[in-house]
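We number each residue from 1, following the sequence as shown.
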Amino acid sequence: MIFSAEKWNKGAELKALMKVNTAISFDMMEAPLRGAFRQYLVPLLGDAMAGEVVEIYNFGPDPDVLEPNTEGATEREKLDVRLLEICQRANANLAFWNDFDEISVRITDAGFQRQKSDNESFQGVYKYQEDNLRMSFRNKGFNALDELLEFLYAHIAEYPEFATSQAYQDRKSAIVRSTADVNDVCFIGGSRIIFLRLQPHLKFVEEMQLQPAIGDRLYEHLIDGLVNPPEDEERRKNVERFRLACSRYIGTMAVRRLLMETGSITDRGLYFTTIRSGEKGNEQKEPVDTKRIAVQIQNLKADADMYMTALLRIARSYFTDYYAGDPRRIFDRDNDRKRTFWV
C-alpha cells in the first residue's frame with residue numbers, strides 16, 4: 001500500500017492530497033485505502049509496476065524534502081515524486097468514493113450507527129452535498145488514473161515495469177488511446193468515466209466501420225506500426241498521422257452511437273446549464289430535449305464523413321502499397337455507358 005501508519009502524521013499525509021481534518025485516523029482509513037489500491041491501481045499498473053510504486057513509497061525520496069529543494073534532486077527523483085503523488089491522489093479519492101457509506105457510519109454490536117462529531121457545531125451534510133461529494137471523489141479518482149496512464153506512457157523508458165501490464169499492451173495497440181483523443185473531436189472534459197463508457201462503441205466502430213473502409217491489409221499494417229513502431233522516423237510519423245486521422249473518425253462515430261443509444265455523453269446524461277436563483281445556488285441543469293439530441297447526432301455524422309474523407313486521403317498519399325481503394329465501393333458501377341453487369 002502507498003499509505004502507512006508511520007507516515008500518516010495525524011492525517012497530514014492525506015491532507016496533502018485533499019481537504020480533510022487532521023483528526024482523521026489511519027485506523028479508519030486503512031481498509032478503504034488498501035481496498036481501493038488493490039481494486040483500481042494494481043489491475044491498472046500490473047503487479048510489477050505496482051510493486052515499484054510501493055518500493056518508491058517505502059524507500060524513495062521524501063517529497064517533503066524535495067519540494068523546497070528541487071534543484072538538488074535528480075531527474076529520476078522528481079519523476080518518482082510526481083508518480084507517487086498521482087497514485088496517492090487516485091488512491092485517496094477512490095477510497096472515499098468506494099467506501100463512502102462505510103466511512104460515514106459506525107458498525108457495532110448494536111448495528112449500524114451514524115457517526116457524529118464530539119464538537120456539537122459540526123453536523124451531518126445534506127443529501128445533495130453527499131451526492132456532490134460522491135461525484136467529486138469519483139471523477140477526481142478516475143481522472144487521476146487517466147493522468148497516471150499518460151505519465152507512465154510518456155516515461156516508459158524510466159519505468160519499464162509498466163510495459164508488462166495489460167493496460168500498456170492494450171493502449172499501445174489502440175487507435176483511440178486516451179481521453180485526449182476523444183476530446184479532440186468532442187469535449188468530454190478529460191473524463192475517464194465517459195471514456196470507459198465509450199469503450200464498446202470505440203471497438204465496434206473500429207472493427208465494423210473503419211476496418212472495412214480502409215481494407216484489412218492497411219488496417220493490419222496500422223496496428224503493426226503501433227505495436228512495433230518503424231525505425232525510420234518518417235514512416236513512424238506517417239503511422240502516427242494516420243492513427244490520429246482514424247482516431248478522429250472512430251471517436252466521432254463512437255460518441256454518435258452513445259448518443260443514439262442512451263441520449264447522453266456524460267455519466268449522468270446530456271444537460272444544458274442555466275443560471276437561475278435558488279436555495280442551493282444559481283446554477284440549474286436540465287436534460288436536453290430529443291430535438292437537440294437529434295441535431296447533435298446529425299452533426300456528428302456529418303463530421304464523421306469529413307474525417308473519413310481526410311483519413312482516406314492520407315491512406316492514398318502515404319500508404320499506396322497497402323491501400324487498394326475503399327472495399328465498400330467495389331460494386332459501384334458507371335451508369336453512363338451501362339456496359340458492366342454482374343452475374
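Met260 and Val255 fall within a single hydrophobic cluster, where Ile, Leu, Val, Met, Phe, Trp and Tyr side chains are chained together by heavy-atom contacts under 4.5 Å. Val227 is connected to Ile214 through a chain of hydrophobic side-chain contacts under 4.5 Å among Ile, Leu, Val, Met, Phe, Trp and Tyr, so both are in one cluster. Hydrophobic clustering places Ile156 together with Leu41 (ILVMFWY residues linked when any side-chain heavy atoms are closer than 4.5 Å, directly or through intermediates). Placement of Leu210 and Met306 in two distinct hydrophobic clusters is found when ILVMFWY residues are connected by side-chain heavy-atom separations under 4.5 Å, directly or transitively. No path of Ile, Leu, Val, Met, Phe, Trp and Tyr side chains, each step under 4.5 Å between heavy atoms, connects Tyr307 with Leu244, placing them in separate hydrophobic clusters.
With a 6.0 Å cutoff to the six-membered ring centre and a 45° limit on the axis angle, Lys7 counts as a cation-pi contact of Tyr57.
Glu13 places a side-chain heavy atom less than 4.5 Å from the side chain of Gln88. Side chains of Val81 and Glu77 form no contact here, defined as non-hydrogen atoms less than 4.5 Å apart. Looking only at side-chain heavy atoms (C-beta outward), Lys172 and Ile223 stay at 4.5 Å or farther from each other. Considering only heavy atoms from C-beta on, Ile175 stays 4.5 Å or farther from Leu202 through its side chain. Residues Ile194 and Thr179 fail the side-chain proximity criterion, which asks for heavy atoms closer than 4.5 Å. Contact of the Asp181 side chain with the Ser247 side chain is registered, since non-hydrogen atoms from C-beta on lie closer than 4.5 Å. In this structure the side chain of Leu312 reaches within 4.5 angstrom of the side chain of Tyr323, judged on heavy atoms. The side-chain heavy atoms of Arg192 and Glu147, taken from C-beta on, include no pair separated by under 4.5 Å.
Atoms CE and CG, from Met49 and Leu152 in turn, are 5.0 Å apart once rounded to the nearest 0.5 Å. Between atom CE of residue Met29 and atom CG of residue Asn91 there is a gap of 9.0 Å, rounded to the nearest 0.5 Å. Taking CG of Leu33 as the start and CZ of Arg38 as the end, the distance is 12.0 Å to the nearest 0.5 Å. Once rounded to the nearest 0.5 Å, the distance linking CG of Leu149 with CG of Leu45 reads 8.0 Å. A distance of 12.5 Å separates CG in Leu14 from NZ in Lys19, rounded to the nearest 0.5 Å. Taking CD1 of Ile250 as the reference point, atom CD of Gln209 lies at 9.5 Å (rounded to 0.5 Å).
Smallest separation of non-hydrogen atoms from Ile188 and Phe195: CD1-N, 4.5 Å. The two residues Leu148 and Cys87 make their nearest non-hydrogen contact at CD1-SG, 3.7 Å. When every heavy atom of Thr164 is checked against every heavy atom of Ala48, the shortest pair comes out as OG1-CB, 3.9 Å. Taking each heavy atom of Gly251 and Val185 in turn, the nearest pair found is C-CG2, 4.0 Å. Of all heavy-atom pairs spanning Ile314 and Ala245, the tightest one is CD1-CB, 3.7 Å. Between Arg171 and Ser178, the shortest heavy-atom distance links the atoms NH1-CB, 3.8 Å.
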Notebook entry, point to check: Is there a side-chain hydrogen bond (donor to acceptor under 3.5 Å, both in side chains) between Arg235 and Tyr318 once you walk through the steps?
Noted result: CA-CA 9 Å; Arg235 291 179 59 194; Tyr318 298 99; over 6 Å; no
Next item on the list: Step by step, work out the side chain to side chain contact (heavy atoms under 4.5 Å, CB included) result for His201 and Glu261.
Entry: CA-CA 10 Å; His201 300 288; Glu261 181 180 282; 3.4 Å; yes
Margin query: Please evaluate residues Asp305 and Lys301 with respect to the criterion salt bridge (charged side-chain N to carboxylate O under 4.0 Å, His left out), reporting the C-alpha separation (whole Å), side-chain torsions for both, the decisive distance (0.1 Å), and the verdict.
Written below: CA-CA 6 Å; Asp305 290 341; Lys301 181 60 170 67; 2.8 Å; yes
Note to self: Set out, in order, the CA-CA distance, both residues' side-chain angles and the distance that settles ring-ring contact (aromatic ring centres under 6.0 Å, His included) for Tyr40 and Phe142, then state yes or no.
What the structure shows: CA-CA 9 Å; Tyr40 297 103; Phe142 279 101; 5.8 Å; yes
Checklist line | Residues Tyr159, Asp80; criterion side-chain hydrogen bond (donor to acceptor under 3.5 Å, both in side chains); working and verdict | finding: CA-CA 10 Å; Tyr159 302 102; Asp80 286 350; 2.6 Å; yes
Notebook entry, point to check: Between Glu234 and Asn238, does a side chain to side chain contact (heavy atoms under 4.5 Å, CB included) hold up when you go through it step by step?
Noted result: CA-CA 6 Å; Glu234 189 63 29; Asn238 290 340; 3.9 Å; yes
Note to self: Using the rule given for side chain to side chain contact (heavy atoms under 4.5 Å, CB included), can you reason through Lys140 versus Ser136, listing the C-alpha separation, both sets of side-chain angles and the distance that settles it, and then say yes or no?
What the structure shows: CA-CA 6 Å; Lys140 289 178 181 177; Ser136 176; 3.3 Å; yes
Margin query: side chain to side chain contact (heavy atoms under 4.5 Å, CB included) for Met253 and Leu300? Distances and angles first, verdict last.
Written below: CA-CA 7 Å; Met253 288 298 292; Leu300 287 169; over 6 Å; no
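Judged by distance alone, the side chain of His155 and the main-chain N or O of Phe151 form a donor-acceptor pair under 3.5 Å. Proximity of a side-chain donor or acceptor of Arg177 to a complementary backbone N or O of Ala174 within less than 3.5 Å is detected. No donor-acceptor pair under 3.5 Å is formed between the side chain of Arg138 and the backbone N or O of Leu94. Side chain of Ser317 to backbone of Arg313: a donor-acceptor contact under 3.5 angstrom is found. Side chain of Arg76 to backbone of Glu158: a donor-acceptor contact under 3.5 angstrom is found. Here the side chain of Gln166 pairs no donor or acceptor atom with the backbone of Leu44 at under 3.5 angstrom.
Partners of Phe242 according to the ring-ring contact (aromatic ring centres under 6.0 Å, His included) rule, which considers only residues two or more places apart in sequence or in another chain, are Phe319. Partners of Phe137 according to the ring-ring contact (aromatic ring centres under 6.0 Å, His included) rule, which considers only residues two or more places apart in sequence or in another chain, are Phe96. Applying the ring-ring contact (aromatic ring centres under 6.0 Å, His included) criterion to Phe162, with sequence neighbours excluded, gives Tyr168. Partners of Phe204 by ring-ring contact (aromatic ring centres under 6.0 Å, His included), not counting sequence neighbours: none found. Every residue meeting the side-chain contact (heavy atoms from CB on, under 4.5 Å) condition with Glu85, not counting sequence neighbours, appears here in chain and number order: Leu17, Arg82, Arg89.
Annotation: Arg236, atom CZ; neighbour count of heavy atoms from other residues, nucleotides and ligands within 6.0 Å is above 12. Annotation for Asp47: atom CG does not count as buried by contact number, only 12 or fewer foreign heavy atoms lying within 6.0 Å. The environment of NZ in Lys237 is sparse: at most 12 heavy-atom neighbours from other residues, nucleotides or ligands sit within 6.0 Å.
Checking Glu206 against Tyr219 by side-chain atom types alone, a donor-acceptor pair falls below 3.5 Å. Looking only at atom types and distance, the side chain of Asn139 has no donor-acceptor partner in the side chain of Asn143 under 3.5 Å away.
Residues Glu30 and Arg34 are paired through a salt bridge, judged by an N-O separation under 4.0 Å between the basic side chain and the carboxylate.
Applying the ring pair (Phe, Tyr, Trp, His ring centres under 6.0 Å) test to every pair with at least one member in residues 12-38, sequence neighbours left out, gives these pairs: Trp8-Phe26.
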